Engineer: 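This structure is in structure tokens; I'll ask about it shortly.
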There are 2 protein chains.
Amino acid sequence: MLSAVSSLVEVARAAGVSVSTASRVLTGSSHPISAKTRAKVIATAEKLGYSPSALARALVSRSSRLIGVLVSDIVNPYFSVIARGIDDVASRAGYVTMLSNVDRRTSTEISRLRTMRDYRAAGVIIAGSGFEADPLAPDLAVAVGQAKEQGIQAVSLTSRDLGCPVITADNEGAAHDVTDHLLSLGHRRIAFIEGPPGMTTSKQRRDGFLACMNAANLSDVARCLPGGFDFEAGHLAAMRLIARPPLPDAILAANDEAAVGALNALRQAGIDVPGEISVAGINDLRLARFVGLTTVSLPLYEMGAMAAQHVIDALPGDATTTLLSHRVIPRETTARRPPG
Amino acid sequence: MLSAVSSLVEVARAAGVSVSTASRVLTGSSHPISAKTRAKVIATAEKLGYSPSALARALVSRSSRLIGVLVSDIVNPYFSVIARGIDDVASRAGYVTMLSNVDRRTSTEISRLRTMRDYRAAGVIIAGSGFEADPLAPDLAVAVGQAKEQGIQAVSLTSRDLGCPVITADNEGAAHDVTDHLLSLGHRRIAFIEGPPGMTTSKQRRDGFLACMNAANLSDVARCLPGGFDFEAGHLAAMRLIARPPLPDAILAANDEAAVGALNALRQAGIDVPGEISVAGINDLRLARFVGLTTVSLPLYEMGAMAAQHVIDALPGDATTTLLSHRVIPRETTARRPPG
DNA sequence: TTGTATGCGTTATCAT
DNA sequence: ATGATAACGCATACAA
């Protein structure tokens, strides 16, 4: 109340003790302190509205409680769920997350990673997927390396060659498993709406789809269509399918949003889902649950939570990969294929 | 490459200059420096992989480039759009956002606000709505006051009595205007699905609806139903309406997600929208655009962007209110009321 | 144009 | 049980 900004020195002076004593009680040190002085320090700190400088603390202790988070776009529910997982465990441990949107641009990732490094973040969690043949990938890897030398933890949430631990969903396995589910329903001619071109995650999901179709000797009726991760892409792809009959038995989209887009196109065209055709996605967003979309639940929240825990626990930074499990969630957009 | 973590001193020594010189070139100071030394310093900094400590910088300059952001839940698109607006202008100005989810709990808001203060954030943006008769509201206001004394900018994105600038959407006006749109379509008996009970934003939107109905002498056919801001709440409210015919002419939900929930319930019940009944929401989420929901576009992104700019420009912290404009977006879930 | 010295708010080491 | 004091990494006022 008295001074606008009070430092430890002021608290100490006002309490009539030394800075060290004040520091000790305010940090909850195990150092022995008389109950009386402790009380006095706490009281004056309270009265002065003392706020310990996390900056100074981090400077002297050479370690902040900041966790950097690099997402493509926080508006995308895929990333916001991850961010939520991170923040939940971070804030519970007294850490705070620095969030940055990089819009899938590796150059921006590098630049933001540097910023996180400047802030001496305890760790940086890189959530976005990489791209095939990305010319900047090595530069990012170098930046990650420098961060690690600086004692900054780095964790990637997709399989990227960054020289840091990877905690991720099994994209290929997930795509494989929904495909298998579709097959188990009797579907044979399945169309796959791909994710954004060049993106590693897109490739993994397509690979999973194709692998499953191949294993079932169905590669000749497996069909891949260019798509994307948004409503519009799914809608467009489905429109193309509708325009060239016959329709496949089922459509699998690379993610839920595209699947809902496709679903929408089909229903607008008067096509019964799942009566005439089945539709499935990947991710299990809240939206998927709501529209009753069959999908596969990815451990997005858990990936974030585990990555944050990894940073907080300062676990080894070896380039290991942790695959978190997924689960096919059958709902109302898929049904057994009608006989004939 | 040589040392894991290099400080300015090391760069200076390696470059054969004083710390101040090194500092001057690396900060891009206007202080005159010979081209030769400048080049040398830059080169060695680069070679050493020097990363300036933003912590130390903030400590000595008494001002960080951190912006704290308090949202209810980043997974909620309402907030993620705001966060995006903030981050876009923040990162463009070299600032970084610290994000925290408070789950609509005032106590958590207070605690997180303190944390932001400990980090000497340049400013804190409080995005979530308050509640009527919130016993902790005064405490929050006090915390905001302390932050301001400390030189920390505070901006609220909803009208709350926090003693700081408010940059917000005109919730009441928005609800009023969609309602008016519905009336202009010939609808009379309109049901309003409310937001979460007690929330200020809920009240404002309901007030806007009622004000418009009153002005049209239609208060006797205006009906408010308990609801919420999610799919399920909208779905449930619509189910209740369906269970007790006759249906109203139109349904306005307190936000898009609830509106889509209602839409879904109606269509599942075989009711034609907008043939038999019109449906509208508030927010204009991407989802709304996609399903063709009539709604009113709120300046969420702009609120975030403007708030961030406010912080960066260190504008006065008076308790003024800035209302950003909204716009009714007619789409396919509303239609002129059939005669008779 | 360059260098020296001080202080930012803490923690921690070493006395007392 | 308490108190000086030296870093932490940097910017800047003041000298040269």
Side-chain angles (χ1 to χ4, degrees), chain A residues 3-42 44-45 48-66 117-122 150-152, chain B residues 3-42 44-45 48-66 117-122 150-152:
Chain A
S3 76
V5 22
S6 55
S7 67
L8 198 49
V9 226
E10 311 187 36
V11 174
R13 182 165 37 215
V17 300
S18 72
V19 208
S20 359
T21 301
S23 172
R24 290 196 262 254
V25 358
L26 261 15
T27 54
S29 146
S30 63
H31 200 99
I33 301 275
S34 83
K36 205 164 86 183
T37 39
R38 157 165 291 122
K40 188 161 53 183
V41 170
I42 292 183
T44 55
L48 296 183
Y50 172 67
S51 153
S53 168
L55 262 24
R57 277 230 244 264
L59 185 60
V60 58
S61 69
R62 299 156 153 303
S63 71
S64 77
R65 281 173 172 284
L66 260 15
R117 191 177 157 219
D118 292 346
Y119 277 96
R120 302 296 185 262
Q150 189 123 168
I152 297 178
Chain B
S3 75
V5 22
S6 55
S7 65
L8 236 202
V9 229
E10 312 188 35
V11 174
R13 182 165 38 213
V17 301
S18 72
V19 209
S20 27
T21 301
S23 171
R24 291 197 262 252
V25 359
L26 262 15
T27 52
S29 147
S30 62
H31 201 98
I33 301 274
S34 84
K36 205 164 85 181
T37 37
R38 158 167 291 122
K40 188 160 52 182
V41 170
I42 292 183
T44 54
L48 295 183
Y50 172 67
S51 152
S53 168
L55 263 24
R57 274 226 246 265
L59 185 60
V60 60
S61 70
R62 301 157 151 302
S63 71
S64 78
R65 281 174 172 284
L66 260 15
R117 191 176 158 218
D118 292 347
Y119 275 97
R120 301 299 185 261
Q150 188 122 169
I152 297 178

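Values below: all heavy atoms of this structure, side chains included; hydrogens, waters and symmetry mates excluded. Letters go in sequence order (proteins before strands), and every chain restarts at 1. Values in this document were obtained by computation on a predicted structure and should not be read as measured data.
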Engineer: With a strict under 4.0 Å distance from non-hydrogen atoms of chain B, what nucleotide opens and what nucleotide closes the contacted stretch of DNA chain D, reading 5' to 3'?
Structural biologist: D:dG9 to D:dA13
Engineer: At 10 degrees resolution, what angle do the end axes of the helix from C:dT1-D:dA16 to C:dT16-D:dA1 form when each is taken over five base pairs?
Structural biologist: 40°
Engineer: Whole Å only: how far is the CG atom of A:L55 from the P atom of C:dT11?
Structural biologist: 13 Å
Engineer: Indicate the atoms forming the closest heavy-atom contact of A:L8 with A:S23, along with that distance.
Structural biologist: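 Distance-wise, the nearest heavy atoms are CD2-CB, 3.6 Å.
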Engineer: Ignoring the backbone of A:R24, work out which of C:dT10, C:dG3, C:dC14 is nearest its side chain.
Structural biologist: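 Selected nucleotide: C:dC14.
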Engineer: Rounded to whole Å, please give me the gap between NZ in B:K40 and P in C:dT1.
Structural biologist: 15 Å
Engineer: Output the rounded distance in Å from CZ (A:R57) to P (C:dG9).
Structural biologist: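 In whole Å, C:dG9 P and A:R57 CZ are 14 Å from each other.
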Engineer: Let me know the distance between CZ of B:R62 and P of C:dG7, rounded to the nearest Å.
Structural biologist: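 Going from CZ in B:R62 over to P in C:dG7 covers 12 Å.
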Engineer: For a quick test of reading the model: is some side-chain N or O of B:T37 closer than 4.0 Å to OP1 or OP2 of C:dT2?
Structural biologist: yes
Engineer: Hey, which of these two, B:S18 or A:Y50, hits DNA chain C nearer its 5' end, going by closest nucleotide?
Structural biologist: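 The residue whose closest nucleotide sits nearer the 5' end is B:S18.
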Engineer: Would you say a side-chain N or O of B:Y119 is under 4.0 Å from OP1 or OP2 of C:dG9?
Structural biologist: no
Engineer: Minimum heavy-atom separation for A:R117 to B:S51, with atom names?
Structural biologist: CZ-CB, 3.6 Å
Engineer: Between B:D118 and A:R57, is any pair of side-chain heavy atoms under 4.5 Å apart?
Structural biologist: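 The answer is no; the side chains never approach within 4.5 Å.
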Engineer: Please compare A:S23 and B:H31 by the position of their nearest nucleotide in DNA chain C and report the one closer to 5'.
Structural biologist: B:H31
Engineer: Return the value, rounded to whole Å, for the distance between atom CG of A:L26 and atom P of C:dT11.
Structural biologist: 8 Å
Engineer: Atom CZ of B:R117 and atom P of C:dG9: how far apart are they, to the nearest Å?
Structural biologist: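 B:R117 atom CZ is separated from C:dG9 atom P by 13 Å.
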